[in-house]
Amino acid sequence: MEMGNYSAVTEFFLVGLSKYSELQLFLFIFCLITYVIILLGNSLLIIISILDSRLHTPMYFFLGNLSFLDICYTSSFIPTMLIIFRSERKSISFTGCALQMVVSLGLGCTECVLLAVMAYDRYVAICNPLRYPIIMNRVLYMHMAAWSWIIGCLNSLVQTVLIMMLPFCGNNVIDHLTCELLALLKLICSDITINVLIMTVASIVFLVIPLLLIFISYVFILSTILRLNSTEGRKKAFSTCSAHLAVVVLFYGSALFMYMKPKSKDTKTFDEIVGLTYGVVTPMLNPIIYSLRNKEVKEAVKKVLSKYLHSWKI
């Protein structure tokens with residue numbers, strides 16, 4: 001009988017914000033427009049970093065990884081969410097839910113590590129500028145990026161497999177917009193002590209430690225910048241770091257607010273809207289922040305656009 005219960009769940013129903021029927025069309029249009037901006041903005045950054053030889057540096061290699069990651073991350077859940085917003089039957093298959101969770105969780109963890117790696121890159125560039133080409137050589141920065149993806153995806157795979165193997169006993173209504181780890185844990189009808197322990201350790205490894213490393217890196221960076229005699233040198237140093245720092249504050253600020261603030265039924269709808277904003281708006285703002293705050297990116301965009309506009313005229 002228990003085995004029958006365990007195998008009963010073949011699909012899940014995503015009912016987050018579904019009681020607000022008047023919001024469904026607005027959310028659909030909002031997410032669709034945002035998704036298009038994400039695809040265009042991040043794709044443009046990737047293309048620019050490939051086409052312009054001046055951007056063939058570790059910093060822009062990591063930025064290209066971040067842009068590709070944001071495209072993949074949002075593509076793991078926004079298309080499904082758009083269908084659900086316009087559908088009467090707000091369901092997703094068991095396999096589809098597992099796939100959505102493993103991809104979104106894996107890429108979220110990867111971004112945490114990648115942001116720490118980018119902070120280290122800025123630390124070396126500003127605090128050890130003469131040794132920067134030697135320290136941040138091609139082999140090192142490619143390995144750093146690769147391991148960011150590997151450990152993020154491995155963590156996600158382990159956590160997803162462990163949770164999807166547990167019995168749901170017929171509970172298949174997820175009160176959330178996506179197949180999110182914490183929302184799925186609420187449906188489990190057996191002991192989840194191991195899952196909670198692994199999730200806690202993962203939170204320390206992928207949230208606390210990278211944030212601590214970023215903080216330490218920027219303490220050294222700030223102390224180095226303040227010791228610079230040249231005003232122009234300070235301005236340039238602040239310019240190269242401000243975009244990354246803005247993305248870090250946006251990403252970690254949203255994540256910490258969403259996951260660490262006290263939960264209550266009274267604020268559940270607000271929490272879901274914040275979660276939607278965190279998952280959709282943050283990846284959209286990343287290319288905008290890097291474009292507006294980075295002189296090299298703006299010049300590269302102008303160069304590529306002028307080149308292609310000139311070829312069109314010909």
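Position 1 is the first residue of the sequence, and the numbers go up from there.
- In terms of heavy-atom proximity, Cys112 sits nearest to Pro210 at O-CB, 3.6 Å.
- Under the 4.5 Å side-chain criterion, counting only non-hydrogen atoms from C-beta, Asn172 is not in contact with Leu187.
- Of all the heavy atoms in Met136 and Phe62, the pair that sits closest is CE-CE1, 3.8 Å.
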Ring pair (Phe, Tyr, Trp, His ring centres under 6.0 Å) between Phe12 and His176, intermediate numbers included: CA-CA 11 Å; Phe12 293 98; His176 204 269; over 10 Å; no

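- Side-chain contact between Met118 and Met59: absent, with no pair of heavy atoms (C-beta onward) separated by less than 4.5 Å.
- Side-chain atoms of Ile216 and Tyr123, non-hydrogen and from C-beta on, never get closer than 4.5 Å to each other.
- Looking only at distances, no side-chain donor or acceptor of Asn128 sits under 3.5 Å from a matching main-chain atom of Arg131.
- Between the side chain of Ser76 and the backbone N or O of Tyr73, at least one donor-acceptor pair lies under 3.5 Å.
- Rounding to the nearest 0.5 Å places CG of Leu69 at 5.0 Å from CG of Leu107.
- Residues Asn286 and Glu111 meet the side-chain proximity criterion, which asks for heavy atoms closer than 4.5 Å.
- For the pair Leu207/Leu211, no side-chain contact is recorded, criterion being any heavy-atom separation below 4.5 Å from C-beta on.
- The number of heavy-atom neighbours closer than 6.0 Å to CD1 of Ile194, taken from other residues, nucleotides and ligands shown, is 12 or below.
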Candidate pair Tyr120 and Tyr141, rule side chain to side chain contact (heavy atoms under 4.5 Å, CB included), full reasoning: CA-CA 11 Å; Tyr120 174 74; Tyr141 71 71; over 6 Å; no

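- Within 6.0 Å of atom CZ in Phe215, 12 or fewer heavy atoms from other residues, nucleotides or ligands are found, so the atom counts as exposed in its surroundings.
- Remark: Cys97 SG to Cys179 SG, distance under 2.5 Å.
- Checking side-chain atoms of His56 against main-chain N and O of Ile50 turns up a donor-acceptor pair under 3.5 Å.
- Taking every heavy atom of both residues into account, Val113 and Ser148 meet most closely at CG1-OG, 3.4 Å.
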Side chain to side chain contact (heavy atoms under 4.5 Å, CB included) assessment of Leu25 paired with Arg86: CA-CA 7 Å; Leu25 180 59; Arg86 304 306 298 156; 3.9 Å; yes

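- Linking ILVMFWY residues whenever their side-chain heavy atoms come closer than 4.5 Å, directly or via other members, leaves Leu250 and Leu213 in distinct clusters.
- Between the OG atom of Ser217 and the CG atom of Leu222 there is a distance of 12.5 Å, given to the nearest 0.5 Å.
- With rounding to the nearest 0.5 Å, the separation of CD1 in Ile135 from OH in Tyr132 is 10.0 Å.
- Counting heavy atoms from C-beta on, the side chains of Leu181 and Met101 come closer than 4.5 Å.
- The cluster map of Ile, Leu, Val, Met, Phe, Trp and Tyr, joined by side-chain heavy atoms under 4.5 Å apart, puts Val208 and Val219 in different clusters.
- For the pair Ile174/Phe13, no side-chain contact is recorded, criterion being any heavy-atom separation below 4.5 Å from C-beta on.
- For the residue pair Tyr60 and Asp52, no side-chain donor N or O sits within less than 3.5 Å of a side-chain acceptor on the partner.
- Both Leu157 and Val103 are part of a single hydrophobic cluster, where members link through side-chain heavy atoms under 4.5 Å apart.
- Nearest heavy-atom pair, Ala202 versus Asn155, reported as atom, atom and distance to 0.1 Å: CB-OD1, 3.4 Å.
- Side chain of Thr282 to backbone of Gly279: no donor-acceptor contact under 3.5 angstrom is found.
- No chain of hydrophobic side-chain contacts below 4.5 Å, direct or via other Ile, Leu, Val, Met, Phe, Trp or Tyr residues, connects Leu162 to Val201.
- A donor-acceptor contact under 3.5 angstrom links the side chains of Ser75 and Tyr35, judged on distance only.
- Heavy atoms from other residues, nucleotides or ligands lying under 6.0 Å from CZ of Arg54 number more than 12.
- Atom-to-atom distance recorded for Ser190:OG and Met165:CE is 11.0 Å, nearest 0.5 angstrom.
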From CA spacing to verdict: side chain to side chain contact (heavy atoms under 4.5 Å, CB included), Ile48, Leu44: CA-CA 6 Å; Ile48 292 298; Leu44 180 63; 4.0 Å; yes

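- Between atom OH of residue Tyr218 and atom OG1 of residue Thr224 there is a gap of 12.5 Å, rounded to the nearest 0.5 Å.
- Here the closest non-hydrogen pair linking Leu177 and Leu14 is O-CD1, 3.8 Å.
- Using a 4.0 Å cut-off between charged side-chain N and carboxylate O, Lys90 and Glu11 make no salt bridge.
- The heavy-atom pair separating Ile151 from Phe206 by the smallest distance is O-CZ, 3.5 Å.
- Taking 4.5 Å as the limit, some side-chain heavy atom of Phe85 sits within range of a side-chain heavy atom of Cys31.
- Without hydrogens or angle criteria, Asp70 side chain to Ser67 main chain gives no donor-acceptor distance under 3.5 Å.
- Linking Ile, Leu, Val, Met, Phe, Trp and Tyr residues whenever their side-chain heavy atoms come within less than 4.5 Å places Leu226 and Ile126 in a single cluster.
- For the pair Asp121 (side chain) and Val117 (backbone), a donor-acceptor distance under 3.5 Å is absent.
- Here the side chain of Thr74 pairs a donor or acceptor atom with the backbone of Ile71 at under 3.5 angstrom.
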Audit row: Phe28, Met81, side chain to side chain contact (heavy atoms under 4.5 Å, CB included) steps and yes/no: CA-CA 8 Å; Phe28 174 83; Met81 204 157 55; over 6 Å; no

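- Expressed to the nearest 0.5 Å, how far CD1 of Ile92 lies from OG1 of Thr178 amounts to 9.0 Å.
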